[in-house]
Amino acid sequence: MKRKISRKLLLALLVLAGVALIFAGCARDEQEIAIGVAGAHSGDLASYGIPSVNAAQLVVDMWNENGGVMGRQVRLIVEDDVCQPEVAVNTAAKLVGDGVVGVIGHICSGATRAALGTYVDSEIPVISPSSTSPSLTQDGQHPNFFRTIASDDAQARLQVDFVINELGLSRVAVLHDQGDYGRGLAEFARDFINEESGIDVVMFDGVTPGAVDYSAVINRVAQSNAEVVIYGGYHPEASRLVGQMRDRGMETLFVSGDGVMDDTFIRVAGAAAEGVYATSPMDTSTNPVAVNAAERHRARYGDEPGAFFLNAYAATQALLNAINVAESTAYADVTAALRNSTVETPLGPISFDERGDATGVGFSMYQVQNGSYVELGN
Amino acid sequence: MNYFTEVVLSGLTRGSIYALIALGYTMVYGIIELINFAHGEIYMIGAFTALILASVLTIFGFNTIAILFLASIIAIVYSAMYGYTMEKVAYKPIRNSQRLSALISAIGMSMFLQNYVRIAQTSDFLPFPRIIPRFPWLSALPISMSSAQFMIFASTAVVMVLLTFLIKFTKIGKSMRAASQDKVMAKLLGVNVNKVISVTFIIGSATAALGGILISSYTGQINFYIGFLAGIKAFVAAVLGGIGSIPGAVLGSFVLGLTESLGAGYISSDYEDVFAFIILAVILIVKPAGILGKGQIEKV
């Protein structure tokens, strides 16, 4: 009974909201700035999309309460793409028709890619809180695309940069476990190293997960005189590799990804785990902006924020901030401002690079020190 | 030490790891012509038992040597009991039915034991203590070899010699050979075939457990699944050498280990398994019964 009532109530609210939207549409104040929010808001992936709507609403309300952007109020236009590329194209066309100056979304990489064509033609900047496919920013087709989440290859980038800049090493062995995740990561690392001068991949090879012995591959690492091993894979193989290297008295450094950042790794590898590096998503849960954003979400919606909430929060902040800084909603001005200004977000201070990836977002380097992972200082 | 020696040494290590498991495999096959898929599980149970015992004995403050011996002996005896029970429960009742039934029963036993350990213990990887102490004289050798590696070599050699001796020169060995040739005739001549098969399982399981303990202390980690992966390779090695033949299992294991190691060391470890199976295919084409396998004469 209770359930029925609440469903009716919800329906009534939805109708009201729809009516309100129509009225808002009719009485559209030309001074208002319209921002689109697109993503999966229904269907089985709704839990990925709804938090973004909430996040965008919270940020917009905050700006509106403080007098708006450039003195103008901001209005959200929310459109559902159910994470399907063919729907996303229509969603994009609709948002463009509604005259949005920027879009927060889409959620799924496939839908984002499909929708981007429409936005490129219409010159509308798009900031996705969750699309991680590397090619979205890397293929050069989407100068209007930005994201507040690290792409899948960002770990490899961080590993390579760390090896070059922090450790100052030049001979790298890249190993992987032949799986999608591990091999993908290792191939990115190899390609990044090949782009740099003064650093070489002295060995690139896969190990067989579950094999009884890795001494053959360890021999080759030793033979190659590698100073560091970058490993793409999970912790059971990593602990064996590190263990056997240390048993042989090799001091080759070991850098890996979030597949190895697991306490089981430290427990199994024991003393050999000490000093191992691993990249993993940054811990931003203690960031004051993030704490505040989560509190406002609880106050307003009564529950914990969901997936990509902080990323969407950051995306909305970045977009509104860029419009504010540029003092314009024109495409060229806003994208320039996105690239050149830094904004304080729940993910820390971020800006965007030439390709549209957020700098300062994503992965941190951790190291095993005294038996636990410690995030290394930025 | 030059690179080639290192590659060969790691191939020999691998080979003796496979051999230690393959010996029990091939022995059981030799007597009752059953591919005992649960053999790898006994290996895993041996390792788990030794791990539990070693942890308990450490709490009681035993020294390393005592822990090594006590844990190993108890684990081997315990696993041998498992092997004995397994044969009585899963294989004896269907000994006279088709061979396929016994094979399916073996696969079922393997799954049962894996999941039993998974539920009773954990599905996580556990660190296996280095229960084999460092032998100081090993560092005097011109090649770098860990004590676990040395123990694996030594045990493989000792187990192979003992098994060969047992089968060739003892009364029970004679009974085993008789039972493997013709069970009915052996029975008529007064051989207690049930006892012979039980003894075979007990010995096979004991070698598997010994392998589990030594290999786990070399790799440093165990979980419920290690027996399956190790068992598959050991099975390949046993077939390669000629299944049923004790020296064949050891030879096949070394051929397999060296092939994998040379392939991984000089070409790419990406294709390690590919090299292993290419050599298997080539040998089985040339000698279908395996390197030391005897051509089976069909019994009419």
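It should be emphasised that the depicted structure is a prediction, and the values quoted were computed from it without experimental measurement. Note on naming: letters A, B, ... go to the chains in the order of the sequence lines (proteins, then strands), and numbering restarts at 1 for each one.
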Out of B:Tyr225, B:Tyr271, B:Phe125, B:Phe228, which one racks up the most heavy-atom pairs below 4.5 Å with chain A?
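The answer is B:Phe125.
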At a heavy-atom distance under 4.5 Å, which candidate from B:Ile226, B:Thr219, B:Asn223 has the highest pair count against chain A?
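Answer, by heavy-atom pair count under 4.5 Å with chain A: B:Thr219.
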Chain B contact via [X] - which portion, at a heavy-atom distance below 4.5 Å:
X	answer
A:Asn219	both
A:Ala211	side chain
A:Val212	both

Measuring heavy-atom distances to chain A, does [X] have an atom under 4.5 Å in its side chain, in its backbone, in both, or in neither?
X	result
B:Phe128	neither
B:Ser146	neither
B:Ile21	neither
B:Arg134	neither

With a 6.0 Å cut-off on the ring centroids, do [X] and [Y] count as close?
X	Y	value
B:Tyr3	B:Tyr266	yes
B:Phe150	B:Phe153	no
A:Tyr277	A:Tyr366	no
A:Phe204	A:His176	yes

Can you find a side-chain donor-acceptor pair between B:Ser261 and B:Ser10 that sits under 3.5 Å?
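Present: a donor and an acceptor within the cut-off.
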Are A:Asp357 and A:Gln138 linked by a side-chain donor-acceptor pair shorter than 3.5 Å?
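No, A:Gln138 and A:Asp357 have no side-chain donor paired with an acceptor closer than 3.5 Å.
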First locate atom CG of B:Leu68, then atom CZ of B:Arg130, and finally report the distance between them rounded to the nearest 0.5 Å.
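One finds 14.0 Å between CG of B:Leu68 and CZ of B:Arg130.
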Quick check for you: among A:Leu175, A:Thr264, A:Val217, A:Thr208, which has the greatest number of heavy-atom pairs under 4.5 Å with chain B?
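Winner by heavy-atom pair count: A:Thr208.
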